[in-house]
Amino acid sequence: MDTFYTDLLCIGAGLAGERVAVEAASRGFDSICLSIVPPRRSHSSAAQGGMQAALGNACMGEGDCPDVHFADTVKGSDWGCDQEVARLFAETAPIAVREMAHWGIPWNRVVPGTGTFYKGGKEYQKIEKKEKEGFITARDFGGTAKWRTCYTSDGTGHTLLFTMDNQVVKLGVKVHDRVEAVALIHDGQRCFGAVARCLKTGKLRVYLAKATLVATGGYGRLYRETTNAVICDGSGAILALKTGIVPVGNPEAVQFHPTGIVPTSILVTEGCRGDGGTLKDVDGKRFMDTYEPEKQELASRDVVSRWMTHHIREGKGVKSPYGDHLWLDIRHLGERHIKTKLREVDEICREFLGVDPVTQMIPVRPAQHYSMGGVRTNRDGAAYGLDGLFSAGEGACWDMHGLNRLGGNSLAETIVAGRIVGEKVADYLDGCEVTFKTELVRDFVRQEEEIISRLMAGKDGRENVYDVRNAMQDVMMDYVGIFRNATDLRHAVVQLQEIHERAKKVGLRSSSPGANPELALGMRIKGMVRLALCVAYAAEQRTESRGAHAREDYPERNDRDWLKRTLATWKEGDDLPTLNFEPNSQVWEIPPGQRGYGVSKIIPSEDPSVVGNGEASKAQEVPEVCKTPETPETN
Amino acid sequence: MGRQLKFNIFRYNPEDPKSVPHMESFDLEETEAMTLYIALNRLREEQDPSLQFDFMCRAGICGSCAMMINGRPDLACHTKTKNLPDEINLMPLPVFKLIGDLSVDSGTWFRAMNEKVQSWVHTDKPFDPNAEEEPMDNQLAEEIYELERCVECGCCVAACGKANMREDFMGAAAFNRIARFMMDPRDERTGTEYFEVVGNEEGIFGCLGLLGCEDVCPKEIPLQDQLGMLRRKMGWQSIRHLFSRLLPD
């Protein structure tokens, strides 16, 4: 058995994982990153839009500061976040962006003079100041009071990831790519590393570490339609559930995006609708003007997604071999506009669909987009339940997003949390000594060997792993999606429990040694269904609507009963997760109030430590002069 | 009814002593807007679960899925079957070590490349968390980004006559990376330092100028320009070297 020993084991080598490893390595600690793909192919690379940081260089971002960014983040979370974490995040983001510039990011810069921009199909003018020339500029994203999203053209995630991995190479951090962690090694008190499987040779390995970090990204692939990469299957949350101790925070907090293309659900930006694109049905008719006469296509991300789903259910979808969809029509914006202002959309349509958006409509439907939930940690990134275990990025529930994440805050979180948690991990490693028990390691390895041999031999049954996965994804999409209600969620939980039984009976059809992609999924499938059950069951329990969690039967945000975070654990042998709850924030710098977008009725909190004397919320109102015309959220 | 497509796919599992390299054929009915991403996943799920290939983002961003498609290296995720004939031949990329079937170990290759060209900004300036960023002209930032767009898919290496003949040849992706850092004022490396890395037969002087790299780059990076620039600059550097040896200190 190959055994590797290191100070820090990072499971996941996307932006968050690598940023933590870089911090630990620059403090002199040995680090190994595990990644199921070469690190530069991690899903971080797919984030195109940008990262939020209150630099205030662009003229439309003038007067911006961490206070305003903090307020936007709290409102975006629908008061579901941890406000201490959101504060820490907003304060650190500008430093993190500049540090990335120091390491080589070619951030777009301020160009002085007059320029134009589009909002709601109208053209506006802006004048950039001469004294800001060459400083890092920003673009507009939804849900923010200021233009705050720093970017490198349409490839921000890509440049960040390449630049971060350059630091990894520079510092000599080892990356073991195509290695998948399959179980955390722990004694119920402390984490000692992980058992992993090499996806080149198929062999098991052991990694022993003083500190272990889970930075594995989101769980979009629990859903049939998702904008996430094919590897985003929640493996970090699954590792946590497998311990029976470490909780997954707010699993029900799942964000959807209205316009994934059909098939493949690649995201096209909401800028299409911002610029005047319209949604049409099977009859070539618009429908958003009927459902939302005022905002129409420009209603918020969740609202549009919900009405699209509703309209498809009404039989107004367009039939296709990949299921029903609707049309996004941007033809009337004209060739010049599409080829310049919406270049990226034009490219995606032509490259992946063979559709020319200048003359043809684009097939779209809503898709899962982001997982706010994840491995629950404290503000230092230390996971609940096991000493020596940390988590960061989308895979973690740190929790700065609460029940809804703002566009541009996901990339920012990876870099910022990576920086902060990296420091804490290095502090933890300072003087840390561990005793590894060989019998404990042996037991964990044997468990995985047993799982593999049972799957290969079909000892537990002959269920087809792809059928089981598809059944789970269908249930999640159809009953735990954008519209949620007690009937659907109950149905989903019952169905998923049956699928959980089927997942236990999976047997492989192929017995080829080596990587064996069917075995990789076979080893993951039970954990995926359990995580899906966490999402569905927690969504059923949360009897309110907050952020991305929208209950048709409980349309109001219930601050009286639900200023809480779900903590889901799984006891072996159970067929449901155990749910506990904790207050979602200890500090209430901004007491719960109206977000200023979306329609929401609120049942107010009666807790004086939360609402204070009621004056603070007024002080946080954004002054009238700072308000910009409303745009829908972009990716 | 869609077209009946015939896929001839290279099969070999180096981990299986019984496996021998061969081509295997699969039939699949074409559906609307089908890409090789959709087709290969259907083949794996419906016909042969042991079939190995790599996809990650399936959106042309991550560079995972490069393979030889009817003899030409390209990303499978953005290759539409409607632009291909009824019979489609799929082979793994050459040059890179085979993992199995269509999957190759590009991660190890590119990590070694990044180490070799020291793919990071070389600077003695420490980062000051309290200072404003150094200004940069936006035009320059966009020019750097243009070269930074490389996704390390390996198509250029697979299409390179020299890389196919000589294992230690650095390849266009490496030259493009060096060109990117030469353009970046934050990198303090001198011409001599770049010359030590790339001014040799493994490097730019080994390039045969066949430009297969430029033809196949799925991100349409202007590789020809970078190779030309690098050859000129390194050429001058080598003349300087020669002179400095002839001239007394």
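Lettering of chains follows the sequences in order, A, B, ..., and the numbering in each one begins at 1. Since the model is a prediction, treat every value here as computed from it, not as a measurement. All values below come from the heavy atoms of this structure, side chains included, with hydrogens, waters and symmetry mates left out.
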Spatial distance of atom [atom1] ([X]) from atom [atom2] ([Y]) [nearest 0.5 Å]:
X: A:N228; Y: A:H257; atom1: CG; atom2: NE2; result: 11.5 Å
X: B:L93; Y: B:C65; atom1: CG; atom2: SG; result: 10.0 Å
X: A:I266; Y: A:T226; atom1: CD1; atom2: OG1; result: 12.0 Å
X: B:E29; Y: B:Q4; atom1: CD; atom2: CD; result: 5.5 Å
X: A:H176; Y: A:S35; atom1: NE2; atom2: OG; result: 11.5 Å
X: A:L519; Y: A:L508; atom1: CG; atom2: CG; result: 5.5 Å

TODO: Sort out for me which residue in B:F53, B:F26, B:F7 forms a side-chain contact (heavy atoms from CB on, under 4.5 Å) with B:L40.
DONE: B:F53
Task: Candidate list B:K219, B:R180, B:R177, test salt bridge (Lys or Arg N to Asp or Glu O under 4.0 Å), partner B:E148, passing option - done: B:R180
Between [options], the one whose heavy-atom pairs under 4.5 Å with chain B are most numerous:
options: A:Q167, A:K132, A:E351, A:E133; value: A:E351
options: A:H43, A:R98, A:E518; value: A:R98
options: A:G104, A:P39, A:P363; value: A:G104
options: A:V97, A:I105, A:V37; value: A:I105
options: A:S512, A:P517, A:S320, A:A96; value: A:P517
options: A:T152, A:V111, A:V168; value: A:T152

Quick check on [X] against chain B: is it the side chain, the backbone, both or neither that has a heavy atom closer than 4.5 Å?
X: A:V465; value: neither
X: A:S265; value: both
X: A:R350; value: backbone
X: A:H102; value: both
X: A:L161; value: neither
X: A:V169; value: both
X: A:F162; value: side chain
X: A:V175; value: both
X: A:P513; value: both
X: A:N470; value: side chain

For [X], which atoms come within 4.5 Å of any heavy atom of chain A: side chain, backbone, both, or neither?
X: B:V117; value: neither
X: B:L51; value: backbone
X: B:P126; value: backbone
X: B:S50; value: both
X: B:D184; value: side chain
X: B:S103; value: side chain
X: B:T79; value: neither
X: B:R186; value: side chain
X: B:D16; value: both
X: B:K82; value: side chain

Open item on the list: One thing to verify: whether A:K200 and A:D177 come together as a salt bridge, which I'm taking to mean a side-chain N less than 4.0 angstrom from a carboxylate O.
Closed with: yes
So, the side chain of [X] versus the backbone of [Y]: is there a donor-acceptor pair under 3.5 Å, distance only?
X: A:R221; Y: A:A229; answer: yes
X: A:T159; Y: A:T156; answer: yes
X: B:R58; Y: B:C77; answer: no
X: A:Q360; Y: A:D356; answer: yes

Count the heavy-atom pairs under 4.5 Å between each of [options] and chain A, then report the option with the highest count.
options: B:D137, B:T123, B:D187, B:D105; result: B:D105
options: B:A59, B:A33, B:C57; result: B:A59
options: B:S64, B:G100, B:S106, B:P17; result: B:S64
options: B:S119, B:C153, B:G2, B:P129; result: B:S119
options: B:R44, B:Q52, B:R149, B:Q118; result: B:R44
options: B:E142, B:E115, B:E132, B:E134; result: B:E132

TODO: Test A:R178 against B:D54 for salt bridge (Lys or Arg N to Asp or Glu O under 4.0 Å), laying out the working first.
DONE: CA-CA 11 Å; A:R178 293 179 188 261; B:D54 294 316; 2.7 Å; yes
Open item on the list: Any non-hydrogen side-chain atom of A:V173 less than 4.5 Å from a side-chain atom of A:E18?
Closed with: no
Open item on the list: What verdict does the side-chain contact (heavy atoms from CB on, under 4.5 Å) test give for A:T137 and A:W107, after you've listed the backbone C-alpha separation in whole Å, the side-chain angles of each residue and the deciding distance to 0.1 Å?
Closed with: CA-CA 8 Å; A:T137 191; A:W107 293 116; over 6 Å; no
- [ ] Start with the C-alpha gap between A:H158 and A:D154, add the side-chain angles, then the distance that decides, and say whether side-chain hydrogen bond (donor to acceptor under 3.5 Å, both in side chains) holds.
- [x] CA-CA 9 Å; A:H158 167 81; A:D154 55 0; over 6 Å; no
Task: A:R40 to B:F110 six-membered ring, cation-pi geometry met (6.0 Å, 45°) - done: no
